[in-house]
Every structure is written in structure tokens, then in C-alpha cells.
2 protein chains.
Amino acid sequence: MSRHSPAGFFSNRTITELADQLRAGETSAVELTRAALHAIEQFDSELNAFVTVDREGAVQAAEKADAELAEGQDRGPLHGIPVAVKDIIEVAGLPTTMGSAHFADHVSTSDAECVHRLRAGGAVLVGKTTTHEFAFGPTGDSAHNGPSRNPHDPTRITGGSSGGSGAAVAAGMVPLALGTDTGGSVRIPAALCGVVGFKPAYGAIPTGGVFPLSQSLDHVGVLARTPQDCRTGYRVLAGLRDAPSRERGDIANIGWIDPNSLHPTDPEVTRIARAALETSGIPVQDLGIRDPEVVHRGFLGIQYSEAYANHAERVADNPELFTDDVLGRLRESARTAGWQHVRALAARDRWRSDVDELLSGVDLLAMPTTCVVATEIDRREITVDGADVNVRGALIGLTKPWNLAGSPAVSILAGAIGGLPVGLQLIGRPGAEDVLLAAATRISG
Amino acid sequence: MSRHSPAGFFSNRTITELADQLRAGETSAVELTRAALHAIEQFDSELNAFVTVDREGAVQAAEKADAELAEGQDRGPLHGIPVAVKDIIEVAGLPTTMGSAHFADHVSTSDAECVHRLRAGGAVLVGKTTTHEFAFGPTGDSAHNGPSRNPHDPTRITGGSSGGSGAAVAAGMVPLALGTDTGGSVRIPAALCGVVGFKPAYGAIPTGGVFPLSQSLDHVGVLARTPQDCRTGYRVLAGLRDAPSRERGDIANIGWIDPNSLHPTDPEVTRIARAALETSGIPVQDLGIRDPEVVHRGFLGIQYSEAYANHAERVADNPELFTDDVLGRLRESARTAGWQHVRALAARDRWRSDVDELLSGVDLLAMPTTCVVATEIDRREITVDGADVNVRGALIGLTKPWNLAGSPAVSILAGAIGGLPVGLQLIGRPGAEDVLLAAATRISG
């Protein structure tokens, strides 16, 4: 977006193009991997997208990928493609810090299931990307290895928690990165960094070997430059390689949800997102959220209860090893009562019915991805449309509903405000991920 | 059991016998109903088994049942049989107090689904039975209408929470009564009053119209004199009338679980229960509980969280309307944290695997129903086998595991200590209720 953004090798190449060039002998996995490593060298001292770069392992994997292709062994669309993996996902032989001092010395002994699928699909893992500590924060600026920085303005956040993955794709260091999304952690950095971020339906990509934040809300997702590239990555991760979809995005209409019905939103963000949607020519229908409190209560009650269940012993034994940001949130989480968790689970069920109803008359739903563009690093309060709100709420207010519902959702680039990207979010039905991504391609134009 | 126990009309008649007599013209529904009302008049001023007796409605329903049978309309095995219903189950037109001052003036406007099925099956509803307030207590001695009293010794508890149903069947006031069982509330009064109490698998009988205590653990069940009579009631309530089972209790072996692995148990109770089992001649195999803490944590975390979610506004607005017993338990419930509820749900899943494993080599499991015989009314502490424990724990310690697992379970009469009944509990597999009840019949011998 902004004129001075870092532009690595992958800034203007799609995975589909690279795959064709690999098979035509116009490039090699080793060449692509060296291009990725070069871009990381060029830009990462400023952006801090990576915690760990595995130069040696990546080149070896690339050599193997080239040898396989030469022998006629084609592992599919990710064969020989450099990929980055969020640092809460286990990759055998590499450190997995979870963005936390608690795991500063942790080296993974096995691959997460999603990483296993990437490798089986021939992808070349170049390194691990910066995550908000334990993925518990949407700003991406609170991690043991420091904040990831927005390629469009390094004084600003990438968004999180998959912030390193967002910066790595946005700066053209890799064409594809893995993220996780519990309240928006794939879609938010995608929106703030100006790339595409996609989470399929809950459970579509296995979470084994991914450090849990909130098991009922955690999704594995992907960040890439285009919806089509996200689709390529998603299908490998979801084990759908051999079953091309017949559904192809004949979208009759899209329901627009007023973002202010969920959270105060910058009117300029709303205008840009809506305009991007309308440019597609797809008929848009205005919809409202009947009871937004159901979303807030359901999401917080579940996320807080599950997050603290995952961290209670660490908080009790070694609180000093947490960042203040995450420790504060965990202490707040501990105060959620069991009966509130019970009501949160009931609220989730009600919200899922509401979403079914919202989707009963339209093919997709749309709204901005975030309520604001990227804020300054470490900023925690902000004024939006005259309301004083916390940055966290302004970032996850429009994404978290779709974690609670388990709906597939994608963020695409809608435009920019002062050089800072604005995301448009599209939400679909579980199982109809291809329809959603086809529409995203059409709207991306 | 004890020589001086009240013995109403139904003390020595099974439902099967009564059904035959009805169809042979040897008795009538009106005659059976008047016998029930007479026994209630005789004994209930002492036992307090009933909150509400619907003399007029019962006689009318009986007249209708007789007219139908005369016209050849036979509604099945409960046609014309008097039945009592626990007072947390809605019966249209009658008060449903939930055993609480909060609902002292509440008159139900519709039938619970289980009551609807009873009526559709031709049963004659004679009244509502005493329940521990909101079914939240296994003693049965804390209710707006006072404690129900044990027919074997009116200074002692019936057990609860379906205490009135236990006393009503034990005293021969009705041949069948409905109860609910969240941690043992059908099986405990059955054991302490010397009758049979059966809860089928979780969900087998619908809970619509039953005031919830803890939705994940609540079961509707039945109390009667014999396992066969429980089976008759259960099949009507579960909507299984027209599908007689082919499974008929070819029990190869039974696993005995040492009750002390779950809770300190009176050795004499254990001896009597085990002896009753062995008299049947079925081979018995000794089994142990691997991690009883999983049961305790899982059960309490879920029950407390759900119970408080059902009562939070009442505790906040009108605490004075609760009995001290239940208010104290609710205040304790409120202190369960959300993360503990999350871990309780995980513990439940582990326990269910453990139960599958326990049942992998045997057809049924067996153990005493309670750790002690009926205690004095209002007593809250007791010494069992040298350990000081609370009465609540000694009553539910052996029954609650099967609510957490959702397993079908039945309590039958094993013997007595000083005139006070001892229960033997048998536990089966969901869906194999008929196997369980056939074995219960064989062991009751």
C-alpha cells in the first residue's frame, strides 16, 4: 500500500504462478527458498516477523523438493513453496517459544499435525513467526522476542496474534504463512498488514500440536497475498487435496452487517470496506445483529475460562515469566465464574442459531475486519467515532463473533487510510469454504 | 423390612399383576386409585411423602381409564395404574413447588414431556411428592414442606432428592413414582427406603418441563417395588412401548468395584451388598477405580457451575427464600471458577473413557448404592469406618460417578442393618437398559 513498504521477492508472485514456474523449470525450490531467506535478511531486522529462521533446514528441504520434482514425484500445489509457521505451532527440531519466556528454551520434538501436512505436501519451512505471547492478544506487540512491526509503518502494530505471519507475507518474505485464530488472530494481522487472512470452519484444520489458547475457539488458518493462495494452503492443511470442490461461488447476494451493532467503528473504515464490497456488483442487503451481548458474553466467558485452564499452574508458579500484558489478562480470566462459563456456552448456542438465521437469506455476510487501522505499538486505548475504547476491543470486536460461531471467514484488502490498510471481512457457512474464497477472489477484483 | 413399616395396598402387588387384574375385570382403575388415596390418608401425615394429593383429578382420570378399557382402548401397561410425580416436574393444573418457598404459589400450566407420556400411557396421577429443595441435596430433609420421613424409621431420612417418591413406593401408597437423579437422587431414596430405583442412560427420558439442577447430569428415573416394574415405567417414559427388547440378560460376569476406592463405606453395607450379588451365582470379578479424583473434580465442577447458573438471580434477589441448606450449597457453588468448570468437563471425558475400560471385560458393574444406611433427619456429619465425613458425601459418593458417565444404573434391595435397608447398585451400558434390569431381577431373586 504505502510507497515505502518493504517488497520482497514474493510481493508480486502468487503460489499458482510459482508452482507453474517450478514445473516449467523456470525456477527451483532452492531459488525460491534463497529468495525468501534473502528477503528475511533484508527486512526482518526492522519488522521482527521471525523468531527463528531455519536457513540450513530450509535449503535442505528445498533441495529434496527439487530432487523429487526432477524424479517426477509431485507432492501438489505447495511442493517447493517456502512457508512460515507461527511460533505456537510445533515444528520438530526447531524452537517453539509460544512468544513467551516460559518456553524460551523449548525445542519441539515432533511436528504439529498441520505442519506434518505441509511437509507431506512438499512445502519448505523457512522459520517460525512472531506471536503475541501465547497467542493471547490481538495487537502482536507483546512477545518475548519483541513486537512484530507493520511493513506499512514500523512504528505501528501488525495486529495479532499471528503478527509475524502477517508481516512476513506483507513484506514478500514468504508467499504463505500459518497462523491461528481464536478471536481474529489470522484475520486481524491480515487486515492491518494488507494481505489476505483466512480461517476455515472450526475443526477443518486439526489443532494437534498447536499450543491451545481456548480450545473451543481456536482455529488454524493461513495468510497469503490472494484468496486463491489461501485456498491452496487451506486445502492442503485440511487434507482436501484430491477432492476439488464443485461449488464455485455463484453468489446471489451478500448481507452487510453494520459493524457499529457490534463495536464502535471508524466511519472511514466502514465506508472503505462497504465500497470495496459494492464495487463487485454483487447485491448487498443490510442486516442487523439482534443481540450483540450474546456474542460478548459467550466469547469472553469461554475464552477466559479455557485460557486460564491452560495457564493456571504457570500463573501460580512463575507469574514473573509472563509479559504484563498477558499476565493481566490471565488474572482477569481467573475471575470468570463457573456459572458464567455455563451461561457463555448457552450464549454460544444462541449465537449459532442467530448466525443460521442471518445466513438464511444471503449467501455470505460482510463487514469490516477491524474497527480501526493499525495503531501505534504499545497503545492500549483509542478513540473511535467519539467513543473511548480499548484497542483490543476495537481489533477483535468484529472478528470474534465468527470464532464463537465457528464460521469460515476471510479478510481481504479493501483500501487504505493514510497508507494503512483497511480489511473487508467475508463470512460463510461451514463446509462452503470454497464459495467464500471464490467470492473473495471476485471482490478482490 | 422392619416389622412396623407402613404397608399400603401396593406393598405386595406388582404393576404386572395389577395390569392383568385390570384386564380380567378383577379390579378397576378407580379401585386402585382409591386404594392409593386411602394409603396416603393412612400414612402420609407421618411420612410427608406428598406435597400435593389430587384426589379429584385422580378419580376422574381413573374413571376415564376404566371407561377406555371397557371400550377396548388399551393404552398399555400403565393404563389405570396410580403414579406419583416428584414435585420438580411440571403437571398441568397442579402446584409445582420445587420444594422451595420461591415456588410456593407456582401452579403449572403444562405437563412436562415425561408426564405427557405417562398420561398418554393411561397412568393415573395421584399427586406430587416431596423433593429436597430444588433437588439440590441427597438427604431429602430440607424442603419448604418439611422433610420426607423413612417408612422404616420416621426419625430418619428417606434420602433424596426424590425422597417423597421413595417413601410413597416403600409404604405401598403407589406402585410407581417418578424421580430425578443428578447425583443419585433416584437411587439413594430407593436404597434407603428399600425399593428399586432406576435411572436409564443420560437423555433416555426427556427432561423438558423438569426444573433443572445441573443439565449435564440430570436424569429422569423411576422408583418401584421391582426391577420389572421399573422397566415397565421406563419403557413408557422413554417412548419404547412398541419395541420389546431382544436382549434378555445373559450376564456372563459382573465387575465389583470396591466402594472404598471412591468413598469410605460402612463395612457391613459392603458385606451385605456383595453377599446379595454373590447369591445370584453370577461370576464376580474385582475391579478398581484408577483415579477417583477425576470423578470428584468432574462431578462437583459441573454440578456447582450449572446449579448456580440456574439460581444466580434468585440468590441475588431473594436469598431469604432458600433453606439454609441449599443456600449454603449455592454460595459454595458460586465459588467454582470458569477454568475449574473447563477442567471438570475434561475430567468427565476422561472418566467416560475409564468407564468404557471398566466395562470392557464385564457385562455390568456393581457396588453398594450408598456408603451408609439412612441417617437421622437433619444430621450432616457422620463417622464411617473410622472416618469423619459429611452425610452428603456418604450418600452420593457411589452414585454420582454414574451421572458423570451418563450410565444406566439401578439400586435394588440387598438386605438390612437393624431394620434399615441396604442397597446394591448395578451399572450398565447406555442402550443396554434391558440387560441391566434383567440382571437386577435375577439378583433380586
Side-chain angles (χ1 to χ4, degrees), chain A residues 134 136 182-183 202-203 207-208 211-218 293-294 296-317 319 322 326-351 403-404, chain B residues 134 136 182-183 202-203 207-208 211-218 293-294 296-317 319 322 326-350 400 403-404:
Chain A
F134 289 116
F136 202 9
T182 302
Y202 180 77
T207 54
F211 197 93
L213 168 56
S214 172
Q215 292 86 327
S216 301
L217 304 168
D218 292 344
E293 261 311 302
V294 165
H296 302 314
R297 260 209 327 271
F299 180 82
L300 267 194
I302 292 172
Q303 195 202 30
Y304 277 7
S305 298
E306 293 188 339
Y308 200 80
N310 290 324
H311 290 288
E313 284 74 15
R314 270 180 289 276
V315 172
D317 299 342
F322 286 100
V326 168
L327 183 61
R329 200 163 302 135
L330 282 169
R331 292 209 192 278
E332 196 183 333
S333 299
R335 288 193 287 272
T336 300
W339 64 274
Q340 291 171 317
H341 184 239
V342 169
R343 290 195 180 178
L345 294 173
R348 176 185 62 188
D349 293 345
R350 281 200 300 278
W351 172 238
N403 295 83
L404 193 64
Chain B
F134 288 117
F136 202 9
T182 302
Y202 180 75
T207 54
F211 197 93
L213 168 55
S214 171
Q215 292 86 327
S216 301
L217 305 168
D218 292 343
E293 260 311 302
V294 165
H296 301 315
R297 260 210 325 274
F299 181 81
L300 267 195
I302 292 172
Q303 195 202 30
Y304 278 7
S305 298
E306 293 186 340
Y308 200 79
N310 290 325
H311 289 288
E313 285 72 16
R314 269 178 291 274
V315 173
D317 298 342
F322 286 100
V326 167
L327 184 63
R329 200 163 302 133
L330 282 168
R331 294 208 191 279
E332 196 183 332
S333 299
R335 288 194 287 271
T336 301
W339 65 275
Q340 291 170 316
H341 184 241
V342 168
R343 290 193 180 179
L345 294 172
R348 176 186 62 187
D349 293 345
R350 282 201 298 280
K400 71 184 182 186
N403 295 82
L404 192 63

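Convention: sequence-line order gives letters A, B, ...; per-chain numbering from 1.
- Using a 4.5 Å cut-off between heavy atoms, A:Gln340 makes no contact with chain B at all.
- Annotation for A:Ala312 and B:Trp339: closest pair CB-CZ3, 3.9 Å, computed over non-hydrogen atoms.
- Listed in order of number, the residues of residues 296-304 of chain A that approach chain B to under 4.5 Å between heavy atoms amount to none.
- Heavy-atom minimum distance, A:Gly338 versus B:Ser305: CA-OG, 3.4 Å.
- Of residues 327-337 of chain B, those residues with a non-hydrogen atom less than 4.5 Å from any non-hydrogen atom of chain A are, in numerical order, B:Ala334, B:Thr336, B:Ala337.
- When each of B:Arg343, B:Gln215, B:Glu306 is checked for heavy-atom pairs under 4.5 Å with chain A, B:Arg343 comes out on top.
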